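Structure, as structure tokens:
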There are 2 protein chains.
Amino acid sequence: MTSTNNQDPLAVFRDHLRRQQLRLTPVREAIVRAALCQAGHFSVDELTRAVRASGHEVSRATIYRALPLLLESGLIQATEVSKDGSYFEASFGREHHDHLICRGCGTVIEFQFEAFQMLEQQIAEKYGFELLSHVHELIGRCAPCRSGGDAHEVH
Amino acid sequence: MTSTNNQDPLAVFRDHLRRQQLRLTPVREAIVRAALCQAGHFSVDELTRAVRASGHEVSRATIYRALPLLLESGLIQATEVSKDGSYFEASFGREHHDHLICRGCGTVIEFQFEAFQMLEQQIAEKYGFELLSHVHELIGRCAPCRSGGDAHEVH
DNA sequence: ATAATTGCAAACGCTTTGCAACCCC
DNA sequence: GGGGTTGCAAAGCGTTTGCAATTAT
């Protein structure tokens, strides 16, 4: 129950900016409004179009520069839509597993927990989906990184 | 219990290639070997370095062209490491939720299931992690796409 | 022999950044 | 008026692709 959480999101945003001596410009305001109006998930391009549709010229560069501010102030969050690709792992003959990842040093621990699979199956069925695959990653800080202070930066 | 599953991975790969009238070249063989030797997760660059370290000149382009073949033949899988960014959603005042995504039409359904959170917490503790966030996406085919045949391609 | 494979370099799409003009505070 | 903000265009980065030479079958 923080003080700003029940306020108008724009106030939250302005406070966040002020705390860093940054400015609330009309363009940024339009970006915030547009972002909050988005029904569900949106890409940078979709947000850009939405801002422009609201009558504000804006360059993609400005959107890109504003996004971190919206994220920091908690108005939006990165959806982490599963990005198939970029990383791989050998799977020949291996059991399925999910990942526990340390944000500090990048360590990846594999874990298996059948209970998850069953619950996932139930949810898929509930919505009439045929389940093909899933992404399940737990992101945290491992014991060494928690005590050791700053990140080690590996992977 | 398919016929090839217990064979040597290279045989699986060769079979897969042959089925499509593709060729097993020394370079591809080296790529397969290197991929299977990788301890855990690897990027395209890491794989390229590994192949080169094994004594084979190879261009990144060739690696990129070979990866789909390894994926199709089931020797490796895309890890889908959470790619923070690219997609966002408004989070101001919203409850946490996870996503059920249709591979056919891109529909995203949000779901909440407390049981997951508790299990995740348990796993994190088991490995001494402080849990910061998680990514949990179920990927499947929605009812319309299952019956309607081919994808609709939306989002 | 013939069609697949390869490396190179150019093209691509998305994101970041340097810079000069601009404008909020 | 000073320092943050913006747009533009250029640069980056990872991935894809056209092409001519090469090679597996």
Side-chain angles (χ1 to χ4, degrees), chain A residues 10-11 13-35 41-52 54-73 76 78-88 155, chain B residues 10-11 13-35 41-52 54-73 76 78-88 155:
Chain A
L10 249 131
F13 191 58
R14 185 167 23 74
D15 288 357
H16 176 73
L17 292 178
R18 211 165 266 170
R19 238 171 267 125
Q20 306 183 46
Q21 322 217 60
L22 303 180
R23 293 167 188 172
L24 179 56
T25 65
V27 173
R28 282 185 178 159
E29 205 172 310
I31 293 172
V32 169
R33 272 192 233 283
H41 307 81
F42 56 91
S43 63
V44 170
D45 246 51
E46 287 162 348
L47 179 56
T48 306
R49 280 196 290 276
V51 175
R52 286 180 180 160
S54 78
H56 295 260
E57 290 307 313
V58 79
S59 71
R60 251 172 295 273
T62 298
I63 301 281
Y64 277 111
R65 285 189 274 232
L67 278 170
L69 302 173
L70 300 226
L71 285 166
E72 290 158 16
S73 55
I76 64 172
T79 308
E80 323 203 49
V81 164
S82 61
K83 180 82 178 207
D84 234 5
S86 293
Y87 279 93
F88 309 88
H155 195 58
Chain B
L10 248 131
F13 190 58
R14 184 169 23 73
D15 288 356
H16 176 73
L17 291 178
R18 210 165 268 168
R19 239 170 268 125
Q20 308 182 43
Q21 322 217 61
L22 303 180
R23 293 164 188 175
L24 179 55
T25 65
V27 173
R28 283 185 178 159
E29 204 172 312
I31 293 173
V32 169
R33 271 192 232 284
H41 308 81
F42 56 91
S43 63
V44 170
D45 247 51
E46 287 162 349
L47 179 56
T48 305
R49 280 197 290 276
V51 176
R52 287 180 180 159
S54 78
H56 295 261
E57 290 307 314
V58 78
S59 73
R60 250 173 295 273
T62 298
I63 300 281
Y64 278 111
R65 284 189 273 232
L67 278 171
L69 302 173
L70 299 227
L71 286 166
E72 289 157 17
S73 55
I76 64 171
T79 307
E80 321 203 47
V81 163
S82 62
K83 179 83 180 210
D84 234 4
S86 292
Y87 279 93
F88 308 89
H155 195 57

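Because the structure is a prediction, the values reported are computed rather than measured. Every chain is numbered from 1, with letters handed out A, B, ... down the list of sequences. The basis for the numbers below is simple: all heavy atoms, side chains too, and nothing from hydrogens, waters or symmetry mates.
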Ignoring hydrogens and angles, write down the donor-acceptor pairs under 3.5 Å from the side chains of residues 55-63 of chain B, residues two or more places apart or on other chains.
residue: B:S59; atom: OG; partner: B:A61; partner atom: N; Å: 3.4
residue: B:S59; atom: OG; partner: B:T62; partner atom: N; Å: 3.3
residue: B:S59; atom: OG; partner: B:T62; partner atom: OG1; Å: 3.3
residue: B:R60; atom: NH1; partner: B:D45; partner atom: OD1; Å: 3.3

Discussion item. Taking the side chain as everything from C-beta on, heavy atoms only, tell me whether B:I31 gets closer than 4.5 Å to B:L69.
Written reply: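 Sidechains of B:L69 and B:I31: no contact.
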
Worksheet item: Is there a side-chain contact between A:L24 and A:V32 (heavy atoms, below 4.5 Å)?
Response: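 The answer is no; the side chains never approach within 4.5 Å.
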
[X] [atom1] to [N] [atom2]: how many Å, rounded?
{"X": "B:H56", "N": "D:dT22", "atom1": "NE2", "atom2": "P", "value": "20 Å"}
{"X": "A:E29", "N": "C:dC24", "atom1": "CD", "atom2": "C1'", "value": "12 Å"}
{"X": "A:R14", "N": "C:dC24", "atom1": "CZ", "atom2": "C1'", "value": "14 Å"}

Worksheet entry | Nucleic acid footprint by protein, nucleotides 3-9 of chain D - heavy-atom cut-off 4.0 Å, B for base, S for sugar-phosphate alone | BBSBBB-

Practice prompt. Find the distance between CG (B:L67) and CD (B:E72) and round it off to the nearest 0.5 Å.
Written response: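 Separation between the atoms: 10.5 Å.
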
Worksheet item: Counting N and O atoms only, with roles assigned by atom type, does the side chain of A:R28 sit under 3.5 Å from a partner on the main chain of A:R23, one being a donor and the other an acceptor?
Response: yes

Discussion item. Please enumerate all residues that pass salt bridge (Lys or Arg N to Asp or Glu O under 4.0 Å) together with B:E29, with sequence neighbours excluded.
Written reply: B:R33

Discussion item. Return whichever of B:R18 or B:D45 has its heavy-atom-nearest nucleotide of DNA chain D closer to the 5' end.
Written reply: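 Looking at DNA chain D, the more 5' nearest nucleotide goes with B:D45.
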
